[in-house]
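Below is one structure; the comments refer to it alone.
Here is the naming used below: chain letters follow the sequence lines, and residue numbers restart at 1 for every chain.
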Amino acid sequence: MLNYVEKIADLIAPQVEGLEREEILDMIERPADSKMGDYAFPCFKLARVLRKAPPIIAKGIAEAIQDDPMFEQVQPVNAYVNMFISKEEFAREVVTEVVAKDEDYGKSEIGAGRPVVVEYSSPNIAKPFHIGHIRSTVIGASIAKIYDFLGFKVIRINHLGDYGTQFGKMIVAYRHWGNRQDVIDEPIKTLLSYYTKFHEEAEKDPSLEDEARATFTKLENGEPEETELWQWFRDESLKEFNRVYDMLDITYDSYAGESFYSDKMPRFIKELEEKGLMEDDEGVKLVRLDEYNLPPALITKSDGSTLYITRDIAASVYRKETYDFYKNIYVVASQQNLHFQQWIQILEMMGYEWARDCVHVPFGLVSLEDGTMSTREGRVVFLEDVLNGAVDKTREIILEKNPDADPEKVEEIAKAVGIGAVVFNELSNYRIKDYVFSWEHVLNFEGETGPYVQYTHARACSILRNAGDDIVAKAKAGFDPSYITSESAHALTKLLYAFPDVVLEAGEKYEPSIVTRHIVDIAQAFNKFYHDEHILTDNEDEKVAKVAMVLAAKAAIRNGLELLCMKAPEKM
RNA sequence: GGGGCACUAGCUCAACGGAUAGAGUAUCAGACUUCGAAUCUGCUGGUUCCGGGUUCGAGUCCCGGGUGCCUCGCCA
């Protein structure tokens with residue numbers, strides 16, 4: 001497909017001495033207001049170079065390039081050159097391309113099969129999977145899809161929080177107050193109650209803390225009794241998590257969590273010592289990072305057991321050795337910014353050049369209306385409940401509109417739309433923003449929401465069904481673009497054209513919300529097109545062209561939803 | 001106290017350093033015998049937290065201040 005910005009830069013470059021083509025390329029804009037053209041070139045910066053007033057420069061450039069067949073019109077407006085591209089040719093080119101590529105539209109080869117590791121979700125075993133966990137889970141899953149789409153080989157890792165002193169606490173609690181059957185019946189709830197109980201009791205009897213630390217040390221040393229209990233807790237917890245992953249349709253290539261690295265850490269502790277990076281402070285081993293303006297990073301505790309950062313060092317080296325990643329992405333809350341800064345700094349100090357290929361992708365905090373979530377205080381909203389709530393509401397809406405629908409179909413669509421609504425909502429805003437969870441907000445299905453976009457897709461499918469296979473086949477074979485040059489059609493075409501760039505940008509910025517916003521724009525533009533014009537007209541040539549447009553819009557929306565880990569039902 | 005992030009319409013949020021700061025939502029007024037009303041059209045809504053600076057031009061970049069959140073040696 002023709003790259004319009006590049007072409008425009010080629011045209012303008014010879015008109016402007018003293019500015020590189022690349023600089024000109026950067027200056028070309030896409031005006032928000034279509035009255036100012038499809039592309040615009042501001043001439044302010046040229047005033048100094050050319051020693052002329054910007055409007056005069058704009059006029060000169062406009063006159064020099066206006067005869068190119070790419071343009072319908074070029075007009076100088078004050079300091080701007082406003083360019084209107086030839087709508088017919090543009091529509092022919094873009095819609096043909098999107099229809100032809102269909103499910104592949106927006107894909108790219110720039111990844112060239114290079115491996116990219118994405119770590120996401122990574123919940124703590126034996127703790128409830130709450131609404132806060134949706135962030136890493138869904139943002140990470142979407143980033144993984146986007147990199148897949150861009151031609152990278154993606155390795156998805158769930159770095160389970162299945163290790164640490166907390167398991168010492170849980171084992172201690174289980175031994176003192178636990179019951180085997182309770183754990184089997186309701187693993188997360190029961191294990192959580194042990195954790196809570198432990199903290200209550202530890203306030204009265206601080207020696208429990210020491211017992212827990214000692215127990216974890218035994219676990220780390222591979223003592224059979226502790227290991228067996230831990231394994232059992234882990235298995236039961238994972239069963240519950242998988243229920244949520246199944247609902248979200250999220251998969252992993254590896255569940256190697258913190259425990260996986262338990263035997264891989266001594267090597268790095270030794271390495272840190274040998275490289276003279278480690279210091280001993282009353283039995284605690286740490287790396288000083290003063291010269292990088294960071295607080296010291298603790299590597300091992302005074303009892304010799306490891307800490308979070310030690311495991312992350314081991315994990316990253318393991319990933320480099322196992323996958324030889326081009327990029328190693330961590331989708332982890334912004335609360336851990338300091339931890340990741342320290343970790344990456346230590347990797348660099350150890351001399352690992354690939355440290356610069358590691359990226360922390362942070363995101364903001366989810367809180368509840370009555371404050372920060374606290375599993376210990378029971379102030380928590382379970383993700384599974386939110387997903388089920390959204391499915392329930394969707395089912396109600398479907399049955400209201402269509403009481404005689406096939407129950408099996410209803411269930412399938414209710415899941416696609418309800419869960420999609422929650423996912424879409426999560427991926428709507430910049431990930432760095434904090435937000436307060438609200439049932440009202442997540443169950444709103446009107447306006448800029450997942451159901452709105454899915455509805456638009458279903459509507460497009462419906463039109464295609466009504467058009468009939470014949471017309472659809474003709475539209476795929478070719479069409480007369482002069483029928484799809486109206487203002488609303490052109491606005492839609494421009495958005496379809498931008499889609500591949502949007503995917504690329506979302507990947508570069510690790511920001512799925514860019515895709516989310518763009519498919520909302522496409523849906524809005526499609527709905528406007530739909531209302532402004534009659535698609536299935538009596539004039540067959542016109543109908544074929546407009547059906548081609550519908551096919552293209554449908555493909556772009558579908559692909560966008562796919563990148564957000566959402567389904568695109570044909571009916572709803 | 002040190003470091004980081006955020007602050008834009010009543011609410012939730014957009015805006016490659018560019019033209020009159022835009023959507024959704026809420027309120028109100030309209031549009032289904034016509035391709036799907038989970039839709040669309042229209043009205044209302046702004047000291048972009050405050051103060052300086054940089055420049056042709058600042059919501060955007062720099063400095064200072066305010067407010068909120070996160071974080072700072074044995075949790076992850």
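Here the separation of rG24(B) from rC43(B), taken at their P atoms, is 12 Å to the nearest Å. Nucleotides rC69(B) and rG73(B) are separated by 24 Å at their C1' atoms, to the nearest Å. Comparing rG65(B) with rG57(B), their C1' atoms are spaced 26 Å from each other, to the whole Å. rU54(B) and rC63(B) have their P atoms separated by 15 Å, with the value rounded to a whole Å. With both ends at atom P, the span from rG59(B) to rU47(B) equals 14 Å, rounded to whole Å. Here the separation of rA9(B) from rG22(B), taken at their P atoms, is 14 Å to the nearest Å. Going from the P atom of rC62(B) to that of rG17(B) covers 12 Å, rounded to whole Å. Here the separation of rU25(B) from rA38(B), taken at their C1' atoms, is 15 Å to the nearest Å.
Remark: ring of H534(A) stacked against base of rC35(B); centroid gap under 5.5 Å, plane tilt under 30°.
Comparing atom distances between the E446(A) side chain and each of rU12(B), rU25(B), rG36(B) picks out rU25(B) as nearest. When distances are taken from the side chain of Y435(A) to each of rU71(B), rC40(B), rC13(B), the shortest belongs to rC13(B). Side-chain atoms of P295(A) lie closest to rC72(B) of the nucleotides rA76(B), rA19(B), rC72(B). Comparing atom distances between the K45(A) side chain and each of rA76(B), rG57(B), rA38(B) picks out rG57(B) as nearest. The side chain of K401(A) lies closest to rA38(B) when the candidates are rC35(B), rA38(B), rG73(B). Of the candidate nucleotides rA19(B), rC70(B), rA76(B), rA76(B) has the atom lying nearest to any side-chain atom of L307(A). Of all nucleotides listed (rG36(B), rA38(B), rU12(B)), rG36(B) comes nearest to the side chain of N466(A). Distances from the side chain of Q166(A) to the nucleotides rC69(B), rG4(B), rA76(B) place rA76(B) closest. In this structure, of rG73(B), rA37(B), rC70(B), it is rC70(B) that holds the atom nearest to the side chain of T372(A). Of the candidate nucleotides rA23(B), rA76(B), rA38(B), rA23(B) has the atom lying nearest to any side-chain atom of Q524(A).
Taking 4.0 Å as the cut-off between side-chain N and carboxylate O, K474(A) and E540(A) count as a salt-bridged pair. Taking a cutoff of 4.0 Å between a charged side-chain nitrogen and a carboxylate oxygen, D281(A) and R288(A) qualify as a salt bridge. The pair K567(A)-E412(A) does not meet the salt-bridge criterion, since no charged nitrogen lies less than 4.0 angstrom from a carboxylate oxygen.
Base contact: V417(A) has a heavy atom under 4.0 Å from a base atom. Heavy atoms of M572(A) sit under 4.0 angstrom from at least one base atom. Counting non-hydrogen atoms under 4.0 angstrom, Q336(A) reaches a base of the nucleic acid. Here N82(A) lies in heavy-atom contact (under 4.0 Å) with a base. Among the protein residues, K433(A) comes within range of the sugar-phosphate backbone only, with heavy atoms under 4.0 Å from sugar or phosphate atoms but none that close to a base. Using a 4.0 Å heavy-atom distance criterion, E533(A) is classed as a base contact. A458(A) comes within contact range of at least one nucleobase, with a heavy-atom separation under 4.0 Å. At a threshold of 4.0 angstrom between heavy atoms, the contacts of R459(A) include nucleobase atoms, whether or not backbone atoms are also involved. The residue E440(A) sits apart from the nucleic acid: no heavy atom pair falls under 4.0 Å. Within the 4.0 angstrom heavy-atom criterion, only backbone atoms of the sugar-phosphate kind lie near K528(A); the bases stay farther away. As judged by a 4.0 angstrom heavy-atom cut-off over every strand, R48(A) is placed among residues touching the sugar-phosphate backbone only. Using a 4.0 Å heavy-atom criterion, one finds that A40(A) contacts the bases of the nucleic acid, with or without backbone contacts as well. Contact annotation for I535(A): base contact, defined as any heavy-atom pair under 4.0 Å involving a base atom. Among the heavy atoms of the strands lying under 4.0 Å from Y430(A) are primed sugar atoms or P, OP1, OP2 only; no base atom is included.
The separation between E400(A) atom CD and rA37(B) atom C1' is 13 Å, rounded to whole Å. Separating the CZ atom of F216(A) from the P atom of rC74(B) is a distance of 16 Å, rounded to the nearest angstrom. Going from atom OH of Y120(A) over to atom P of rA76(B) covers 24 Å, rounded to whole Å. Atom P of nucleotide rA58(B) and atom CZ of F44(A) are separated by 11 Å, given to the nearest angstrom. Atom C1' of nucleotide rA23(B) and atom CG of D33(A) are separated by 15 Å, given to the nearest angstrom. Rounded to whole angstrom, the span from the CG atom of L338(A) across to the P atom of rC5(B) amounts to 13 Å.
The aromatic rings of H339(A) and W343(A) sit parallel, their planes meeting at an angle under 30°, below the 60° perpendicular limit.
Between the side chain of S302(A) and the base of rC74(B), at least one donor-acceptor pair of N or O atoms lies under 3.5 Å. A donor-acceptor contact under 3.5 Å is formed by the side chain of E29(A) with the base of rC16(B). Side-chain to base pairing of D521(A) with rA14(B): no donor and acceptor N or O lie closer than 3.5 Å to each other.
In this structure, K264(A) is positioned above the aromatic face of F260(A), its NZ or CZ under 6.0 Å from the six-membered ring centre and within 45° of the axis. Relative to the ring axis of Y530(A), R459(A) places its NZ or CZ within 45° and under 6.0 Å from the centre.
Using N1 to N3 plus N6-O4 or O6-N4 for Watson-Crick, or N1-O2 and O6-N3 for G-U wobble, each under 3.5 Å, rU34(B) pairs with nothing. In this structure rA6(B) sits in a base pair with rU67(B), meeting the Watson-Crick or G-U test at under 3.5 Å. The partner of rU44(B) cannot be assigned: no Watson-Crick or G-U wobble pair with both contacts below 3.5 Å exists in any strand. Base pairing of rA19(B): no nucleotide in any strand meets the Watson-Crick or G-U wobble criterion (both distances under 3.5 Å).
Remark: the backbone N or O of A458(A) is not paired with any side-chain donor or acceptor of S462(A) at under 3.5 angstrom.
For the pair I61(A) and L46(A), the minimum side-chain heavy-atom distance is below 4.5 Å. V284(A) is listed as a side-chain neighbour of S302(A), based on a closest heavy-atom distance under 4.5 Å.
The phosphate of rA38(B) (OP1 or OP2) has a side-chain N or O of Y455(A) nearer than 4.0 angstrom. Within the structure, a side-chain polar atom (N or O) of Y452(A) is placed less than 4.0 Å from OP1 or OP2 of rC40(B). For rC13(B), the OP1/OP2 oxygens have no side-chain nitrogen or oxygen of R517(A) closer than 4.0 Å.
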Does Y330(A) form a ring-ring contact (aromatic ring centres under 6.0 Å, His included) with F340(A)? I'd like the steps, not just the answer. CA-CA 9 Å; Y330(A) 294 77; F340(A) 280 103; 5.4 Å; yes
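Base orientation of rG66(B): anti, since the glycosidic angle falls outside 90° of 0. A glycosidic torsion no more than 90° from 0 defines the syn conformation; rC28(B) lies beyond that range and is anti.
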